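Contents: one structure, followed by commentary.
The first residue of the sequence shown is numbered 1, and numbering continues consecutively from there. Here the structure is a predicted model, which is why all the values come from computation and not from measurement.
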Amino acid sequence: MSQQVAQLETALGVPLFRREGNRLVATAQAWELLREIDGTFLSLDRVGKSIAALKGIEGHAIGIAAPDIFCFTLVPRAVRQIRVHDRSCVFHVKSGSYQDVAEHVLNGRADLGVSRLPLDERLFDWMPVTTATNVCLFPAGHRLAEKDLVTPEDLRGEPLIDIEPRQNTHQMDLNALRYMGVEPNIAVEVDANGHEAAFIAAGVGISVTNSVVAKECALFGLRFRPFEPSAIYHYVVFWQRGRQLSGQLRLARERLADALRDPA
């Protein structure tokens with residue numbers, strides 16, 4: 001192994017490891033080489049799948065990646081509709097943050113992903129599905145249910161469940177509160193869309209999210225109203241750029257899009 005590493009370093013003309021005591025530590029050049037090699041294998045895998053799709057060879061496994069909240073109702077509804085056409089399909093579902101979802105698709109752990117823009121157009125192709133705007137999410141029977149529109153002033157004194165506190169859109173919400181002279185009363189911070197629903201249902205607080213996510217929270221018996229200031233979120237179904245989708249994956253893409261458009 002040592003000889004092979006030495007030969008590779010000689011051929012490349014750059015060091016791949018440095019010795020720290022009794023340990024070998026990879027250099028920055030080694031990590032960069034590893035990323036390039038991973039990318040090459042992913043490209044070969046994508047080509048293989050595209051060739052299979054062109055030949056009409058259908059696989060029986062479909063990988064779907066989606067934010068956590070969409071695995072409660074949206075993805076199950078889509079899977080049910082796909083299995084109406086093909087009972088032999090096996091589904092591998094990956095969940096996490098929007099970044100996690102993109103990495104699952106990029107690294108080949110999922111064939112299709114559900115996310116919102118922006119996505120890197122150099123890495124992904126996508127189908128636009130629906131848009132969302134900001135809403136205030138709260139338990140049934142909350143005083144805000146009487147309002148047609150919720151503003152920062154209405155949130156004065158309310159304990160808040162903060163979603164993805166590092167996201168720019170959420171910083172906008174918090175800045176809007178401060179601009180109106182309302183200091184946010186943060187009760188809980190969560191790191192992924194959907195996690196806030198359980199805290200709201202438990203009566204811990206309320207939250208500002210978007211209308212697509214809020215509709216998925218119906219499972220918890222929650223209610224929502226439009227919130228201003230607002231933003232527009234563009235939701236898509238996406239896949240690796242340049243990949244030729246099989247008929248099976250095109251069907252899965254359409255069923256995911258249908259479920260995203262109509263959360264009922």
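Not counting sequence neighbours, the partners of E103 by the side-chain hydrogen bond (donor to acceptor under 3.5 Å, both in side chains) test are Q99. A search for side-chain hydrogen bond (donor to acceptor under 3.5 Å, both in side chains) contacts involving R255 returns D258, not counting sequence neighbours. Scored by the ring-ring contact (aromatic ring centres under 6.0 Å, His included) test, F199 finds no partners at all (sequence neighbours excluded). Residues forming a side chain to side chain contact (heavy atoms under 4.5 Å, CB included) with V14 (at least two apart in sequence, or on another chain): L12, L16, Q29. The ring-ring contact (aromatic ring centres under 6.0 Å, His included) test applied to F17 returns no partner, not counting sequence neighbours. With sequence neighbours excluded, no residue satisfies side-chain hydrogen bond (donor to acceptor under 3.5 Å, both in side chains) with S211. For the salt bridge (Lys or Arg N to Asp or Glu O under 4.0 Å) test, no residue two or more places apart in sequence or in another chain qualifies with R250. Residues satisfying the ring-ring contact (aromatic ring centres under 6.0 Å, His included) test with F224, not counting sequence neighbours, are none. Shown here are the side-chain hydrogen bond (donor to acceptor under 3.5 Å, both in side chains) partners of E20, two or more places apart in sequence or in another chain: R18.
Looking at L260 and F70, their side chains come closer than 4.5 Å, going by heavy atoms from C-beta outward. L245 has its side chain within reach of R253: a pair of non-hydrogen atoms, C-beta onward, lies under 4.5 Å apart. In this structure the side chain of I62 never reaches within 4.5 angstrom of the side chain of V90, judged on heavy atoms. Proximity of L144 to R225: side-chain heavy atoms (C-beta onward) are nowhere separated by under 4.5 Å. H85 places a side-chain heavy atom less than 4.5 Å from the side chain of L251. In this structure, E196 and V213 have side chains that are in contact, with non-hydrogen atoms separated by less than 4.5 Å. For the pair V135/N210, no side-chain contact is recorded, criterion being any heavy-atom separation below 4.5 Å from C-beta on. With contacts defined as side-chain heavy-atom distances shorter than 4.5 Å, the pair V79/R83 qualifies.
Summarising the geometry of S115 relative to Y98, their closest heavy-atom pair is OG-CD2, 3.3 Å, with the distance given to 0.1 Å. A pairwise comparison of heavy atoms in A252 and L112 identifies CB-CD1, 3.7 Å as the closest pair. What you find for D125 and G242 is that their closest heavy atoms are OD2-N, 2.9 Å. Closest approach of L256 and A78 over heavy atoms only: CD2-CB, 3.7 Å. Annotation for P139 and G205: closest pair CD-O, 4.4 Å, computed over non-hydrogen atoms. Residue V101 comes nearest to G96 through the heavy atom pair CG2-O, 4.3 Å, listed as atom of the first residue, atom of the second, then distance.
Judged purely by distance below 3.5 Å, without hydrogens or angles, the side chains of D86 and Q248 pair a donor atom with an acceptor atom.
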- prompt: Going through the distances and angles, do V188 and V204 end up as a side chain to side chain contact (heavy atoms under 4.5 Å, CB included)?
  reply: CA-CA 8 Å; V188 179; V204 177; 3.9 Å; yes
message: Under the criterion side chain to side chain contact (heavy atoms under 4.5 Å, CB included), I'd like the reasoning laid out for I206 against L155: C-alpha separation, chi angles, the key distance, then a yes or no.
response: CA-CA 9 Å; I206 65 176; L155 303 187; 3.6 Å; yes
message: Pair T209, N134 - check side chain to side chain contact (heavy atoms under 4.5 Å, CB included), show working.
response: CA-CA 6 Å; T209 184; N134 283 51; over 6 Å; no
task: Decide yes or no on side chain to side chain contact (heavy atoms under 4.5 Å, CB included) for E216 and L219, but give the supporting numbers first.
output: CA-CA 7 Å; E216 290 296 304; L219 185 67; over 6 Å; no
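Here salt bridge (charged side-chain N to carboxylate O under 4.0 Å, His left out) pairs that include residues 89-99, with residues two or more places apart or in two chains, number zero. The ring-ring contact (aromatic ring centres under 6.0 Å, His included) analysis of residues 102-126, with sequence neighbours excluded, yields the pairs F124-F238. Judged as a salt bridge (charged side-chain N to carboxylate O under 4.0 Å, His left out), the pairs with a partner in residues 131-151 (not counting sequence neighbours) are, in order, R143-E158, K147-D154.
With R223 contributing its side chain and G221 its backbone, the two residues share a donor-acceptor pair below 3.5 Å. A side-chain donor-acceptor contact under 3.5 Å links T27 to the backbone of P15. Between the side chain of D162 and the main chain of I186, no donor-acceptor pair closer than 3.5 Å is present. Checked by atom type and distance alone, the side chain of T131 never pairs as donor or acceptor with a backbone atom of Y233 at under 3.5 Å.
With values rounded to the nearest 0.5 angstrom, T73 atom OG1 is found 12.0 Å from K215 atom NZ. Considering CD1 of I82 and CG of L249, their distance stands at 9.0 Å, rounded to 0.5 Å. Of the inter-residue distances, the one linking C217 atom SG with F138 atom CZ reads 12.0 Å to the nearest 0.5 angstrom. Note that CD1 of I64 and SG of C71 are 9.0 Å apart. Values are rounded to the nearest 0.5 Å. In this structure, the separation between CG on L160 and OG on S207 is 7.5 Å, given to the nearest 0.5 Å.
L149 and L137 fall into different hydrophobic clusters, where Ile, Leu, Val, Met, Phe, Trp and Tyr are joined by side-chain heavy atoms under 4.5 Å apart, directly or via other members.
R243 and D111 are joined by a salt bridge, as a carboxylate oxygen and a charged side-chain nitrogen come within less than 4.0 angstrom of each other.
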